[in-house]
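Everything on this sheet refers to the single structure shown next.
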Amino acid sequence: MQFTFHTRTITVNMPTRGQLMEEIHRRFAARQGFALATVNLDHLVKMQGSEGFTAAYAAQDLVVADGWPIVALSRLARRPVELMPGSDLILPLCHLAADTGVKVGFVGSTDEALEAAREALQTTVPKLDVAMVHAPPMGFDPEGAAAAEILEELESKEISLCFLALGAPKQEALAARGRRVAPSVGFASIGAGLDFLSGRQHRAPRLFQRLGLEWLWRALSSPRRLIPRYARCFAILPAQVGHALSLRRRTP
């Protein structure tokens with residue numbers, strides 16, 4: 001599945017979880033870094049309005065589908081991809097990191113949330129080596145000097161997997177910069193995933209998740225903040241449906 005903004009094409013190039021895990025395992029073994037992004041409708045809205053964010057997304061090595069609208073568009077285009085929300089990838093990636101003996105880092109959120117997430121993950125994955133946690137202050141700039149110091153520390157500590165919980169577009173921008181400054185680090189942008197693990201935020205009930213209505217649960221939980229965001233997401237759907245149909249016509 002592909003999306004085009006500002007003459008750049010963003011491709012969901014990891015269509016299945018099996019392919020994603022195989023590729024990351026290969027990179028862990030080779031001490032080769034990566035940037036993993038989970039594309040959703042909100043990201044498409046941000047890309048439409050920002051050439052810089054589109055450029056950061058284009059710099060990601062691995063892109064998966066986060067959200068049922070992306071999955072539905074891929075099926076419409078006859079280029080189906082699996083649903084892989086960032087929050088659902090944290091535990092499998094931690095198991096993979098523990099099994100291959102690589103170090104893990106957390107960047108984002110708050111000190112309290114990161115420590116709670118570390119405790120929760122190490123309880124579930126006892127062999128997990130969380131070698132660095134860092135909660136940047138408010139106003140953190142992924143292009144600033146403090147970001148460069150974080151990236152250099154990740155590289156010097158030989159961390160192979162760093163979860164970025166900064167929210168879009170900061171986490172994707174930091175990951176794109178990290179591919180240059182810390183080439184052996186794998187960056188996984190997971191938004192509120194660590195906050196969910198820490199209990200600082202709560203995901204939708206399983207029923208809402210299975211029905212593809214997690215967005216509705218979140219909107220009702222924080223209507224003033226999220227209803228305008230989801231309205232912008234729905235507004236771009238007609239154009240994206242048209243794009244998916246054009247891809248469908250080009251599919252053999």
Side-chain angles (χ1 to χ4, degrees), residues 8-15 17-39 43 47 50-64 66 84 86 89-90 92-109 114 117-118 121 125 127-136 140-191 193-194:
R8 294 180 184 270
T9 298
I10 309 301
T11 302
V12 180
N13 59 4
M14 290 286 117
R17 184 169 299 196
Q19 287 174 285
L20 175 67
M21 293 302 164
E22 182 179 346
E23 176 61 17
I24 292 178
H25 184 273
R26 184 190 69 77
R27 289 178 182 249
F28 282 167
R31 285 288 295 158
Q32 180 184 0
F34 58 86
L36 165 64
T38 61
V39 67
H43 292 180
M47 281 187 262
S50 170
E51 189 169 354
F53 185 47
T54 306
Y57 236 95
Q60 309 295 302
D61 303 280
L62 313 173
V63 179
V64 301
D66 179 0
M84 287 184 267
L89 293 176
I90 296 174
L93 287 174
C94 284
H95 278 293
L96 184 59
D99 290 344
T100 52
V102 304
K103 297 177 183 178
V104 174
F106 302 157
V107 174
S109 192
L114 294 187
R118 186 215 296 257
L121 284 168
V125 189
K127 294 182 180 179
L128 186 67
D129 183 2
V130 181
M132 175 180 167
V133 297
H134 186 95
F140 174 73
D141 179 5
E143 299 298 334
E149 292 176 4
I150 292 170
L151 296 173
E152 289 164 4
E153 184 177 358
L154 288 165
E155 183 77 9
S156 67
K157 289 186 173 179
E158 297 185 340
I159 289 172
S160 294
L161 174 63
C162 178
F163 291 110
L164 298 178
L166 297 164
K170 288 186 177 181
Q171 60 193 14
E172 290 80 13
L174 184 61
R177 187 179 182 187
R179 295 300 289 121
R180 304 188 302 272
V181 178
S184 67
V185 180
F187 296 93
S189 296
I190 43 79
L194 295 178

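Because only heavy atoms are used, hydrogens play no part in the values below, and waters and symmetry mates are left out as well, while side chains stay in. Along the sequence shown, residues carry numbers from 1.
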Just list the side-chain donor-acceptor pairs under 3.5 Å for residues 142-153, sequence neighbours left out, or say none.
residue: Glu153; atom: OE2; partner: Lys157; partner atom: NZ; Å: 2.8

Do you know the tightest heavy-atom contact between [X] and [Y]?
| X | Y | result |
| --- | --- | --- |
| Phe163 | Cys94 | CE1-SG, 3.6 Å |
| Val125 | Ala98 | CG1-CB, 3.6 Å |
| Thr38 | Ser189 | OG1-O, 3.9 Å |
| Ile24 | Leu93 | CD1-CD2, 3.5 Å |
| Ser109 | Leu114 | CB-CD2, 4.0 Å |
| Pro136 | Leu166 | CG-CD2, 4.0 Å |

Checklist line | Residue pairs involving residues 100-109 (criterion salt bridge (charged side-chain N to carboxylate O under 4.0 Å, His left out); sequence neighbours excluded) | finding: none
Item checked: Straight-line distance of Thr11 OG1 to Leu62 CG, nearest 0.5 Å -> 12.5 Å
Note to self: Please report the interatomic distance CD1(Ile190) to CD1(Ile90), rounded to the nearest 0.5 Å.
What the structure shows: 4.0 Å
Non-hydrogen side-chain atoms of [X] and [Y] separated by less than 4.5 Å:
| X | Y | result |
| --- | --- | --- |
| Val104 | Leu121 | no |
| Val64 | Leu36 | yes |
| Leu161 | Phe34 | yes |

Item checked: Partners passing side-chain contact (heavy atoms from CB on, under 4.5 Å) against Pro92 (at least two apart in sequence or in another chain) -> Arg17, Met21
Check: What residues, two or more places apart in sequence or in another chain, satisfy side-chain contact (heavy atoms from CB on, under 4.5 Å) together with Ala176?
Finding: Ala56, Ala59, Gln60
Let me check something: any side-chain donor-acceptor pairs from residues 127-135 under 3.5 Å, sequence neighbours excluded? List them with distances.
none

Check: Any chance the side chains of Ser184 and Glu155 put a donor and an acceptor closer than 3.5 Å?
Finding: yes
Check: Who pairs with Gln19 by side chain to side chain donor-acceptor pair (under 3.5 Å), at least two apart in sequence or on another chain?
Finding: Thr16
Next item on the list: Return the set of residues passing side chain to side chain donor-acceptor pair (under 3.5 Å) with Thr9 (not counting sequence neighbours), or none when no residue passes.
Entry: Thr4
Check: Glu23: what forms a salt bridge (charged side-chain N to carboxylate O under 4.0 Å, His left out) with it, not counting sequence neighbours?
Finding: Arg26, Arg27
Next item on the list: For residues 159-178, pull every pair meeting side-chain hydrogen bond (donor to acceptor under 3.5 Å, both in side chains), keeping only residues two or more places apart or in separate chains.
Entry: Arg31-Ser160
Check: By ring-ring contact (aromatic ring centres under 6.0 Å, His included), which residues pair with Tyr57, not counting sequence neighbours?
Finding: His43, Phe53
